[in-house]
Every structure is written in C-alpha cells, then in structure tokens.
Amino acid sequence: MNWKTMLAPYTQVVEELKVKLKGIRKQFEYDSRHSPIEFITGRVKPIPSILEKAENRKIPLEHIEREIQDIAGVRVVCQFVDDIYTVVEMIRARKDLTIIEEKDYISAKKESGYRSYHLIIEYPVETIDGMKKLLAEIQIRTLAMNFWATNEHSLNYKYKGSIPSEIKERLQKAAEAAFKLDEEMSMIKHEVQEAQRMFHRK
C-alpha cells in the first residue's frame, strides 16, 4: 500500500474542515458576537496508529478507509458546554458534508470520565482521480474536557491502555471536577461574554 497516496486526501479533508470552521469563528468575531468556537486543531492519524487499530479490530488493510472512521480528525474546542451543541447544530445545517453518526459522550460520559461530542461525517474531496467521499471525525469539547482528555490520552499511551487503578480513580475524580468547572462557568456565562465584548470594543 502506498501510504502517501492513500493519506493525501485525508490531509486535504483536515485542512479544508479547519478553514471552514475557522471561517465560522471569524464571522462571529466580525459580527461582535460570542463565538461558540474557541480554537480548532486537526490531524491525520499516524500510520502506526492506523495499523494498530486495524489489528485490534481485525480490519483487513483493504477495508481501512471504510471501517476506520477517524483517519482524518478535527477537534473543535469551546468555552462553554452550550457552545458544543451550538456547533453541532451548525454542522448539522451544512450542505457540504453528511453526518453519518453522532455520539454524545457529554450527556452519557464514558466509564473513564471522558466527555466530548463526536460526529462521524462523510466529506467529499476533489482528488486528481476525481471526487472521493471520505470519513472523518469531528470532536467537540470544552477547554476543561480537552485538558482532561489530553492528559488521559498521554497516560493511556504511557501505560499501553492499562492505566493503574489508583491513577484511573484520580482521573475519574478529575473528570468530575472538570465537568463541575464547566457547570459553574455556565452559570456566569453571560457575565463572561459581556466582559469579553467590552474587551473587544476597546
């Protein structure tokens, strides 16, 4: 398999989605309104991670594009929990992609404490061989959820997916503390937004 050729369109998907989502953020800024999007990152899954996932799930190499949904991944980070659902609604309304699946790990968190909203989308991308529809994952989460998930990911990598129970327990407590922070911030959301508007007007 020529990995460079196979992954090139996925890189294009990530870059195009980042441009479009950053465009939404800019439009809110130009309109002097609170943007539900704080920042956006994206990546194409590294080859060793693709191979590991394929091996774990017994996916033949020729089925990778169809069965691994997160080769192209974009993360949207928001200030408030409400903003996540605003972004989801905006993505649902778009005509340039199709949502295949939605996973709400905010109202139904994972056992580990992980919270985030996942959208699996089908995105059309123009290649030298014509138009291809590729799967991509958009993760939408708050700054607090992102902080927690980034640390959990590092620990999973360190312990090869078997985090010691004591650390796992602390992670679960930290996840609850992060969500409590999100809830408290939601209570003063309008105050924060007003302060930000005053700052931008200056």
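Values reported hereafter were calculated over all heavy atoms of this structure, with side chains retained and with hydrogens, waters and symmetry mates removed. We count residues from 1, following the sequence as given.
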Query raised in the report: Is it true that Ile84 and Phe28 fall in one hydrophobic cluster, defined by side-chain heavy atoms closer than 4.5 Å?
Result: yes
Report summary line: Of Lys133, Glu16, Gln12, the one forming a side chain to side chain donor-acceptor pair (under 3.5 Å) with Tyr123 is Glu16
**Report entry** Heavy atoms of other groups near Phe147 CZ, more than 12 under 6.0 Å
**Finding:** no
Query raised in the report: Out of curiosity, Arg92 CZ to Leu97 CG, how far, rounded to the nearest 0.5 Å?
Result: 12.5 Å
**Report entry** From Glu184 atom CD to Asp182 atom CG, the distance as rounded to the nearest 0.5 Å
**Finding:** 10.5 Å
Requested in this report: Assess whether side chain to side chain contact (heavy atoms under 4.5 Å, CB included) is satisfied between Val13 and Val74, documenting all intermediate values.
Outcome: CA-CA 9 Å; Val13 169; Val74 173; over 6 Å; no
Query raised in the report: With a 4.5 Å limit on heavy-atom distance, are the side chains of Ile138 and Ile121 in contact?
Result: yes
Query - Approximate separation, where rounding is to 0.5 Å, of Ile167 CD1 and Glu152 CD - result: 12.0 Å
Requested in this report: Decide, yes or no, whether a salt bridge links Lys45 with Glu137 under the criterion of side-chain N to carboxylate O below 4.0 Å.
Outcome: no
Query raised in the report: For Glu89, does the CD atom sit with more than 12 other heavy atoms under 6.0 Å from it, leaving out its own atoms?
Result: yes
Report task. Decide if atom CE of Met185 counts as having more than 12 heavy atoms of other residues, nucleotides or ligands within a radius under 6.0 Å. Result -> no
Query raised in the report: For Met6 and Glu65, what are the C-alpha separation, side-chain angles and deciding distance, and is it a side chain to side chain contact (heavy atoms under 4.5 Å, CB included)?
Result: CA-CA 9 Å; Met6 186 262 206; Glu65 288 184 79; 3.7 Å; yes
**Report entry** Tyr114 six-ring centre to Lys110 NZ/CZ under 6.0 Å and within 45° of normal
**Finding:** yes
Query raised in the report: Hey, does the side chain of Arg25 reach the backbone of Ile37 with a donor-acceptor pair shorter than 3.5 angstrom?
Result: yes
Query raised in the report: What about Leu134 and Trp3, same hydrophobic cluster or not, with Ile/Leu/Val/Met/Phe/Trp/Tyr joined at side-chain heavy-atom distances under 4.5 Å?
Result: yes
Report summary line: When every non-hydrogen atom of Pro36 is compared with those of Met90, the smallest separation belongs to CG-SD, 4.4 Å
Query raised in the report: Which atom names give the shortest non-hydrogen contact between Ile163 and Lys168, and what distance separates them?
Result: O-CE, 3.6 Å
Requested in this report: Check whether any side-chain heavy atom of Met145 lies under 4.5 Å from a side-chain heavy atom of Phe179, and answer yes or no.
Outcome: yes
Query raised in the report: In terms of hydrophobic clusters joined by side-chain contacts under 4.5 Å, are Val19 and Ile24 together?
Result: no
Report task. Would you mind reporting whether Val88 and Glu102 have side-chain heavy atoms less than 4.5 Å apart? Result -> yes
Requested in this report: Kindly write out the residues that satisfy side-chain contact (heavy atoms from CB on, under 4.5 Å) with His153, not counting sequence neighbours, or none if the list is empty.
Outcome: none
Query - Spatial distance of atom OG (Ser186) from atom CZ (Phe80) [nearest 0.5 Å] - result: 7.0 Å
Query raised in the report: Among side-chain atoms of Asn151 and Ser154, is any donor-acceptor pair under 3.5 angstrom?
Result: no
Query raised in the report: Do Ile106 and Val76 belong to the same hydrophobic cluster, where Ile, Leu, Val, Met, Phe, Trp and Tyr are linked whenever their side-chain heavy atoms lie under 4.5 Å apart, directly or via other members?
Result: yes
Requested in this report: Determine whether more than 12 heavy atoms belonging to other residues, nucleotides or ligands lie under 6.0 Å from atom CZ of Arg170.
Outcome: no
Query raised in the report: What do you reckon, is CD of Glu191 surrounded by more than 12 foreign heavy atoms closer than 6.0 Å?
Result: no
Requested in this report: Might you point out which heavy atoms bring Arg43 and Val14 nearest each other, and give the distance in Å?
Outcome: O-CG2, 3.5 Å
**Report entry** Pairwise side-chain contact, Cys78 with Ile140, heavy-atom cut-off 4.5 Å (strictly under)
**Finding:** yes
Requested in this report: Please step through salt bridge (charged side-chain N to carboxylate O under 4.0 Å, His left out) for the pair Lys189 and Asp83, ending with a clear verdict.
Outcome: CA-CA 11 Å; Lys189 177 180 176 179; Asp83 292 337; 3.8 Å; yes
Query raised in the report: With a 4.0 Å cut-off, would you call Glu176 and Lys180 a salt bridge?
Result: no
Query raised in the report: Any side-chain heavy atom of Thr142 within less than 4.5 Å of one from Val77?
Result: no
Report task. Mark yes or no for whether Trp148, through its side chain, and Leu171, through its backbone, hold a donor-acceptor pair below 3.5 Å. Result -> yes
**Report entry** Beyond-backbone contact of Val125 with Met131, side-chain heavy atoms, under 4.5 angstrom
**Finding:** no
Query raised in the report: Are the side chain of Gln172 and the backbone of Glu111 linked by a donor-acceptor contact shorter than 3.5 Å?
Result: yes
Report task. Ignoring hydrogens and angles, state whether a donor on the side chain of His118 or Asp70 is under 3.5 Å from an acceptor on the partner side chain. Result -> no
Query raised in the report: Would Glu126 and Lys132 pass as an ion pair if we require N to O under 4.0 Å?
Result: no
**Report entry** Stepwise side chain to side chain contact (heavy atoms under 4.5 Å, CB included) test for Glu55 and Glu52
**Finding:** CA-CA 5 Å; Glu55 192 180 323; Glu52 190 182 339; 5.8 Å; no
Query raised in the report: Is there a donor-acceptor contact under 3.5 Å from the side chain of Arg141 to the main chain of Tyr117?
Result: no
Query raised in the report: Got a second to check how far Glu29's CD is from His34's NE2, nearest 0.5 Å?
Result: 11.0 Å
Query raised in the report: If you round to the nearest 0.5 Å, how far is CG of Leu17 from NZ of Lys22?
Result: 12.0 Å
Query raised in the report: Going by heavy atoms in the side chains, are Gln79 and Leu143 under 4.5 Å from each other?
Result: yes
Report task. May I ask whether Leu135 and Ile59 are part of the same hydrophobic cluster, defined by side-chain heavy atoms of I, L, V, M, F, W, Y residues being less than 4.5 angstrom apart, directly or through others? Result -> no
Query raised in the report: Given side chains that start at C-beta, do those of Ile71 and Leu7 come closer than 4.5 Å, heavy atoms only?
Result: yes
**Report entry** Whether Asp31 side chain and Arg33 backbone form a donor-acceptor pair below 3.5 Å
**Finding:** no
Query raised in the report: Which pair of heavy atoms, one from Gly113 and one from Ala175, lies closest together, and at what distance?
Result: O-CB, 3.4 Å
